[in-house]
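So the structure is just underneath, and the comments pick up after that.
The structure displayed is predicted, hence computed values, not measured ones. Numbered from 1 within each chain, the chains take letters A, B, ... in sequence-line order.
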Amino acid sequence: MVSKKLNGFFEKFLQTDSLFANKKVLQSVYVPNEMEHRDEQINQIANILAPALKVDKPSNLFIYGKTGTGKTASVRYTTEQIHKVAKENNIPVNVIYINCKLKKIADTEYRLIAEIARALGKEIPPTGLPTDEVYNIFFKALDFKEQILILILDEIDQLIKRTGDEVIYNLTRINSELKNSQISIIGISNDLMFSNYIDPRVKSSLSEEEIIFPPYNALQIQDILRKRASLAFKKDAVDEGVIPKCAAFAAREHGDARRALELLRVAGELAERSESKIVQIKHIDEAEEKIEKDRIIDVVHTQPKQFQLVLYSIFLIRNDEQNKKKQIFTGDLYDIYKDLCPKAGLRPITQRRLSDIVAELDMLGLITAKVISKGRFGRTREINLGIPSHLLNKVETLLAKELEFNDKKN
DNA sequence: CGAGATTCATGTGAAGTATACCTTTAGGCTTAA
DNA sequence: AAGCCTAAAGGTATACTTCACATGAATCTCGTA
């Protein structure tokens, strides 16, 4: 019975034609064939990197700019072109792109180097090897023939904030030891104040060249959206005013084009699902809500169990004590958390660690935790939930489910 | 009344520990000559 | 004897714990007006 129903569903799905002509164009990893409004920056990058084609080491390059200003796309675009030309002419140029923000992939020195080595085709276990050894493997994989490696480290500020600047120092230093090859590093950072964190020596070697990406203004975002929309959607599938509205949303967020594109894509998906013939303005509003929801749900969902439990404890306190208008402090949180541990079948963690977890949840934006001094009564963090109120219930049930599941198992 | 000392509850850095995983080595077993 | 498998030994990164000291404003203390 069920299958019959499903058959119908899929058939219907096949018959309703999609609003999209090519959805890939709107995905965040897509690198367009032409970058709008970034000619100047791309030229600069190209000039800096061009020596690679003569097998000279290009200067290291540092790129600043807020999220969604086309940093990553410009760099990828330029390096792809170089790679292509290099391939056609048999010039040994290799490009590796690594996003340092991704947890469990490149957020420590070991993992970063391991990831680079993997990109060079080496198998590196997730743990167990000495870090020197990993450097060695990487070194050998690189130096066995003459080549130029262009290493793109996206969101490098995240990495350095977590692990210090030693990695970068090592990477820049390795050049003098390489006999055949040379590495040139492109660092990309969202944080304009980032240079304060790093050692001046590292800084000077890393940013031999610097490029700053200004935010797009609303008109530029509209251009970009139009261009992409014309590729992504079928003709006349987008209602008047949808694109300006998308652009306006994004311009409000300091000109974040990535956000605008995501908004447009999700709006398209929603329109399709509601069997609308065109993407309308109302879909944009829905999309904005959905994106926010998905993001939070996803972040919460992918947290380790202990983090989830800590978060859940915060929920409980909020529900319980709201009448008393009490603030949430670390000590209270720890008590609740400890009580909850056996229920979830987890071994309680120390208060020291909880402090770190709270700090990390703060970084993720799920809560806000401010260190305050209560004078005579000590010093603590004042914790508040940072989740929009219309999502609180959803997240809470999600947490309850995740933790309850664990309960059954034990 | 105000400057400085005190105090509390927790922040925070450093060092130590447990766990999970890796490679190497050695012993035991099987197999083929 | 050679080859293969398994278990033990020796080593590492990471997440967490333990230890110890740092923080910073409300409160207390005490000298002074």
* Asked: Using the benzene-type ring in the case of Trp, are the ring centres of Phe233(A) and Phe20(A) under 6.0 Å apart?
  -> yes
* To do: Considering only heavy atoms of chain A and a distance under 4.0 Å, specify the first and last nucleotide of DNA chain B in 5' to 3' order that meet this criterion.
  => dT7(B) to dT23(B)
* Asked: If you draw the axis of the six-membered ring of Tyr97(A), does the NZ or CZ of Arg76(A) fall within 45° of it and under 6.0 Å from the ring centre?
  -> yes
* Contact class for Pro304(A) (heavy atom, under 4.0 Å): base, sugar-phosphate, or nothing? -> nothing
* Asked: Taking CD1 from Ile124(A) and C1' from dA13(C), how many angstroms apart are they, rounded to a whole number?
  -> 14 Å
* If only atom types and distance count, is the side chain of Arg381(A) paired as donor or acceptor with the main-chain N or O of Ile328(A) below 3.5 Å? -> no
* Asked: When the distance from CD of Glu382(A) to P of dA25(C) is rounded to whole Å, what number comes out?
  -> 14 Å
* Measure from CD on Gln351(A) to P on dT17(C) and round the result to the nearest Å. => 12 Å
* Asked: Taking OP1 and OP2 of dA26(C), is either one under 4.0 Å from a side-chain nitrogen or oxygen of Arg376(A)?
  -> no
* Nearest 0.5 Å, what's the CD1-CG distance between Ile98(A) and Leu112(A)? -> 5.5 Å
* Taking only the side-chain heavy atoms of Phe377(A) (C-beta and beyond), determine which of dA13(C), dA25(C), dA26(C) contains the nearest atom. => dA26(C)
* Structure fact -> Taken to the nearest whole Å, NZ/Lys370(A) to P/dG24(C) is 14 Å
* Rounding to a whole Å, what distance do you find between Asp107(A):CG and dA15(C):C1'? -> 12 Å
* Asked: For dA25(C), does OP1 or OP2 lie under 4.0 Å from any side-chain N or O of Ser373(A)?
  -> no
* NE2/His254(A): more than 12 non-hydrogen atoms of other groups inside 6.0 Å -> yes
* Asked: Between dG11(C) atom C1' and Leu129(A) atom CG, what is the distance in whole Å?
  -> 10 Å
* **Heavy atoms of other groups near Glu34(A) CD, more than 12 under 6.0 Å** => no
* Asked: Closer than 4.0 Å, any side-chain N/O of Thr131(A) to the OP1 or OP2 of dA13(C)?
  -> yes
* Asked: Taking atom P of dA15(C) as reference, at what distance in whole Å does atom OH of Tyr110(A) sit?
  -> 13 Å
* To do: Starting from P on dG24(C), measure out to CZ on Arg379(A) and report it in whole angstrom.
  => 6 Å
* Asked: Cationic tip of Lys374(A) within the cone over Phe329(A)'s six-membered ring, i.e. under 6.0 Å and within 45° of the normal?
  -> yes
* Structure fact -> Per nearest nucleotide of DNA chain B, the residue lying toward the 5' end, Gly378(A) or Thr127(A), is Gly378(A)
